[in-house]
Every structure is written in C-alpha cells, then in structure tokens.
Protein chains: 2
Amino acid sequence: MNLKQLAKELNLSISTVSKALDDSHEISEKTKSKVLEAASKHNYTPNPYASGLRKKRSNTIGVIIPEVADNFFSLAINGIQSIAENKGYHLLIYLSHDKYENERRIVEDCANGRVDGVLISISAETISAEHLLRLQKENVPLVFFDRALDDFEAAKVLTNDFESGYLSAKHLIENGCKRPMFLSFSECLTMCENRANGFLAALDDFKISSNEIVPIMYCSRKEEESYKQIQDLCNSNDRPDGIVASVEKLAMQLYLVCQDSAVSIPNDLKVVAFSTVEIAPILNPSLTTITQSAFEMGRVAAENLFKGIESKNFNLNQQVVVIPSKLIKRQSTSRYK
Amino acid sequence: MNLKQLAKELNLSISTVSKALDDSHEISEKTKSKVLEAASKHNYTPNPYASGLRKKRSNTIGVIIPEVADNFFSLAINGIQSIAENKGYHLLIYLSHDKYENERRIVEDCANGRVDGVLISISAETISAEHLLRLQKENVPLVFFDRALDDFEAAKVLTNDFESGYLSAKHLIENGCKRPMFLSFSECLTMCENRANGFLAALDDFKISSNEIVPIMYCSRKEEESYKQIQDLCNSNDRPDGIVASVEKLAMQLYLVCQDSAVSIPNDLKVVAFSTVEIAPILNPSLTTITQSAFEMGRVAAENLFKGIESKNFNLNQQVVVIPSKLIKRQSTSRYK
DNA sequence: ATTATTTGCGAAACCGATTTCGTAATTTTA
DNA sequence: TAAAATTACGAAATCGGTTTCGCAAATAAT
C-alpha cells in the first residue's frame, strides 16, 4: 500500500493525501478524517526511504561503540534509546571492536546521509580525528561520550576521570597501600590517561615514592595476553599491594587471577575498579568501584545530539558536559578482612 | 557529492556513471577506471535512501530484544553483528523492555520497508503473534532467537530449555536438595515454561514429592517487586534448599538477598542459574550455571535470516535450530562448602 | 457590488539513485 | 560486402514520497 493506491481509492490526488496525513492546514477536516481512516484501515505508513530521500532526514542516529557486551556501553545505549524513542528516532548500532580501521569504515558509512547524527565512543586505537572530519564536512552532528578525542573540538559527554583516578589512589593509600599500581587499558585513550594521571597525582601528593618505575601497567587488549600480564604481576616478587583497574574487564580478570593464584583480596591486595557492574556487591569479595552514570551519560549525549540536529544555530561543538562518577566503598579495599 | 555532479565533472551521463560504479559489463574498462577514480577522489558513495528506494532493499536488519543490558542479549548481538558485518548490512536495534505494546509498535515500524529482515526475541508479555503477521504479509523474513512463540510457524534458534531445566533439577537433587524450587521469569514465555517443565519432570522422576504446592515461583518483572518476593522466600519457614533461577537477573537478586539475609550458599541453599555471565566463577560463591551459547545463537539466527533474505525459494520458516546449553558446576551447588 | 483574501485541492517538480530501452558506432558473421 | 550482432553509452522512466505553485470557489473586506 502506497500513497498512489490510497489516493486512487479516495478519489483524491497524491498531494492531498500526503498533506492530509501530515495534518496540513491546507486540507479540510472532513478530508483529513477520511484520509486517516483509510490509511489506518490499510495500515499505511510512509515508506521511510522515499520520505528520507525527499526530506533529507533519516530519523536515525548512528551509535558507534567499541563493544556492546560491556556494562557501561549497554547501559549507555539504554540512556540513548530512552531519548531516541521519545523523538521517534531509530538507532543504528555499530561496533568497532576497538579497531581503528573498523571505526573509520563505520564513520564513512555514517557520512553519506544514512544517519542524522552520530554518537561515538572511540576505539582504543583511535588517535587521529581524520575520519571524523568527514562527518563535519557533511554537517552530520557528532557527540562523543565517555571516550573522546582531546584535541578535537566537538560536543562531549565525559566523566571526571582525573579526579576519579586521584580519588581511587587516595582511597587505596588511606587504607594502607604503600605500593599501588594502575592497570591501564590503552595509552591512546585520553579517558584512560586522565584516570592514570589522577592516580599519579595522588601518589605525588601523598608522597608515595615511585622513583624507579612508573606504577602503571599498560595491558594488552587481547584477553589472553592481559590475563597473562596480570598473572605475572600478581605472582612477581614486587607484587603491588593495591590496584586500580581502569576498566571493568581488567578488574574481572584480576579477580580471576587472584582466585587462581590464591592471592587474597583485600588482605594481600586491595582493588578499586572503574565499573558500572551492578553485581559488584556480590563478587568475592565485594568490589569497590568508581561507578560512572552510564545511563545518564548516554541520555545527555543523545539529548545534546538532538539539539544539534534540530536547531542549526545551536553551537553543538561547544557543549562539553562532565557527569561525575562516584566512589563506592566495598570489601575489596577494606583495611582488615 | 551525488551522481549528477560526478557525471557532469566526467562529461558522462548519470546512467553511465551509475553503471560504471556497479561494474556493469556495458561500460568499457577505460571509462570504469576514470569513474572509479573520480568517485574515490570525492569520497562518493551512493545515497542509501535513494538507492534503497529504487532497489527496494535497505541492507539493514532489525533486531528486537527485551533488553540490551543483559549478558545473553549483548553476546547475541555480537554474534548477529559478526554476520551482518560480513554481508555489509546495518543493524537497527530496538528494545521492547519486555512490554508487548512496545514490541507491537516496533514491529509495525519494521514492516514498512525499513528493514530487509527481522530477528526477534519476544517480550515476556507477548502471547499472540498478531503483530508479527504483518511482517509475513509484507514478506519481511523473520527469525526468532531464544524466546519464540510456540504456536507460530517461523524460523527459530532455540536452546534445549526442557533438558536444561531437567538437568538443573537433577543436579540439585544429586547434591542433596530435598525441596528445590524454580524461579520463573514469566509464565507467558515458552522458553521459561519449558525450563520449568523440565525442572518438574526431574522432580517427578526422582520422586521428590510436591503434593501440596507446585515448587515454582513466578517472579514479578519489576525489580523491586521480585527482590521482595525472593526476600520473602528466603526468610520464610519453608525456605527451599535449592533454587533454579530461570534467568540471570533473578540469580543476581537471589545472591543479593542471600547476602543481606545471611543465607549461606551452598550450605543453606544451593543455586543453579541460567546465565551466560562470564564472571560466574568470581561470584561469592562461584555460581553453577546453565550456560547458553549466546554468540552462537545470534550468529546462526542471522545466518538463517540472510538465507531467507537472499533466496526467495528457501523455506525459511521450516528452519528450527536447537543449540544446546551446558551445565557448568561450581561452588553454589557443592555438597559441602 | 467589486476587489481582496482565504480555503481546499491538484499538477508537477523534485530528492538521488537504478534500470529499461533505444541507438550510433563498431565488430562479427554469412 | 551486406546483414547481424555486439559494444558503449545516453535519455527517460521509475521507486514513493514531499513540497512548491497554480487555480477555482468561497469568503471577507472595501
């Protein structure tokens, strides 16, 4: 069923039917109701490709994330979806799997009118904004969330990574750690570096000397490799007595290693993790977390994106929002078990 | 940049350029290479809405799931995406939040040509296939995965729910449980009922009498309510000594309740959960699971959907695949702690 | 009563591709 | 060498809507 058939059945012109469905003031109420009735009888809805082509609007936004099987990102998608649903927008989800080349290809795909805007959390390999320039050239609004490019002017929704890094180190030190260490997920990600720098700043402030080595371990992004790294760390002679895991995945691996290697948390090792996992309380032992407002970050990112989509004279690129994370203390950092 | 501009720049007709980009045999190699060069110089890609309209193909599939913040579904999405990426397809993700009305609206949205096919895991409220008939009428291929409608002929990718339910009860009984109970997520979902029926069959086979009451608790889908239900169950006089959680979420709540109520797993209560959660080993205590092959289920569902999309004389609706789940024994069901 | 405005609708252009069909030039076949 | 077939391309129709513009009839203003 399309407009032409509907028009024929109603003995009206195509344009009249189209305008009636659009509730145009040009059409009389009587005609409108006749049209609406016929349309609903036939379950008519406009073909999205025809209408998208003519209106140059897709009612679709692209969401580019590294992974979907990750608490933070799936919660963020929920936040994004809650806004998109209200606006009658559709969500195209793309996974970069933390590879720059995938991300580049995806962005390319988003630049040809398929979507009205893009929400992105960049891959751990992304260091240049070259691929994103294309979006700007095509006037596709863009909002970063969580993982952004530092030197690229664009709308962003971030969390207070530096402060949280600082706070996590402070918390470990205050609970007796003398040799805390930071497990970084990527040296490319500003997000990760900010957390690490906050961590280092706290060590400095609290006079935890780190003359010889920088207490940061850069973990591989391959699961088996990072597991091995963490295993070696936990079994080495100078095992740290406190660890901050920069992302959830590393904390989970750390727990697994400690269980296998009979390292006792928090007695031998205290752990803080950046994580949104709702089961932190029922881990063994319960996990102290820096918890981001993932849903809220997704929600705000989507809200700002829609502002950018809907009003051309809204300076989207100036919008940088910081949504603070919270330290939630649990047993993995308690002084005594 | 569009075809018209490109054609003008090359002094060729629009149709020639279009055919050259399509590598048509009608066009000479010399012309093709000129066209390709100019196209790549300008980063030209065809407008998806124009091409979708004309070709009546969207290169997009719709994925309708209850939730994304759920291990099973996010892993399934990974499986789906792995296939879609190969085929150059895009993924529209829709969340029903386990509400029938949402699902109905979403399916409606998928029936007007927006997608070339649909993968669905139905909401916990869905009992009728009325909304899905629309898809069949419009010839939109459909594949269920995990949660399907029993009395509706369509392609499905399922797991062995009955056997797994049986196995979980058997496992509890063999480890000493005398009064096991099944926590059901929904009495509408065939998936859930199959698990429950398998559970009951084992009780029967092992002569666990349940004369008075059926050992199944139907939990609310509202988190606070189900928490309260589980709390009441664990604090009641006739607390069961074994529990099978039909979905992951209920197992997590059960763990929380037990921790708050000082019920010791596995001493006071043994627990098996249908769950894909990769952190089951590091829970307190580690959780015995019936683990579905979520990625694989998504992958196979997508593969079959594409067969249905690509060849019209492939009888998609006959395709019912069962991918078995595995019982992984851990401490939550061990006989002695 | 005449002119101006508003109302309600239809014809046709348009969005940007794909695809059918026609045709001149070239090559092959008889 | 004439007829047939092939090659390489362009004109135009088409997909299914939206939007601009024109116009007759009805209503309002002068």
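Protein chains get the first letters and strands the later ones, always in sequence-line order, with residue 1 at the start of each.
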Q. Given dA17(C), is OP1 or OP2 found less than 4.0 Å from the side-chain N or O atoms of Tyr44(B)?
A. yes
### Query
Will you find, in the side chains of Ser58(A) and Asp116(A), an N or O donor that is under 3.5 Å from an N or O acceptor?
yes
Counting N and O atoms only, with roles assigned by atom type, does the side chain of Ser311(A) sit under 3.5 Å from a partner on the main chain of Lys307(A), one being a donor and the other an acceptor?
-> yes
Q) Can you find a donor-acceptor N/O pair under 3.5 angstrom joining the side chain of Lys19(B) to the base of dG10(D)? A) yes
Between Asn2(B) and dG16(C), is there a contact of a side-chain N or O with OP1 or OP2 at under 4.0 Å?
yes
Practice task
Would you kindly check whether a donor in the side chain of Ser15(A) faces an acceptor in the base of dA11(C), or vice versa, at under 3.5 angstrom?
Solution key: yes
May I ask you to verify if any side-chain N or O of Thr16(A) is less than 4.0 angstrom from the OP1 or OP2 atom of dC9(C)? no
Residue pair Lys32(B)/Tyr49(A) against DNA chain D: nearer the 5' end by closest nucleotide is Lys32(B)
- request: Could you check whether Ser28(B) gets within reach of a base, just the sugar-phosphate, or nothing at all, counting any heavy atom under 4.0 Å?
  value: sugar-phosphate
From NZ of Lys4(A) across to C1' of dA12(C) the rounded distance in Å is 14 Å
Item to complete: Give a yes/no on whether any side-chain N or O of Lys30(B) is located under 4.0 angstrom from OP1 or OP2 of dA8(D).
Response: no
Of Val17(B) and Leu3(A), the one whose closest nucleotide on DNA chain D sits nearer the 5' end is Val17(B)
*Under 4.0 Å between any heavy atoms, over every strand shown, what does Ile14(A) touch: base, sugar-phosphate, or nothing? Just pick one.*
base
Which part of the nucleic acid, if any, lies within contact of Ser18(A), taking any heavy atom under 4.0 Å across all strands shown: a base, the sugar-phosphate backbone alone, or nothing? base
* Taking only N and O in the side chain of Ser51(B), is any of them less than 4.0 Å away from OP1 or OP2 of dG16(C)? -> no
*Is a side-chain donor-acceptor pair under 3.5 Å present for Thr159(A) with Gln292(A)?*
no
**Asked** Taking atom types as modelled, is there a side-chain donor on Arg104(A) or Asn102(A) under 3.5 Å from an acceptor on the other?
**Response** no
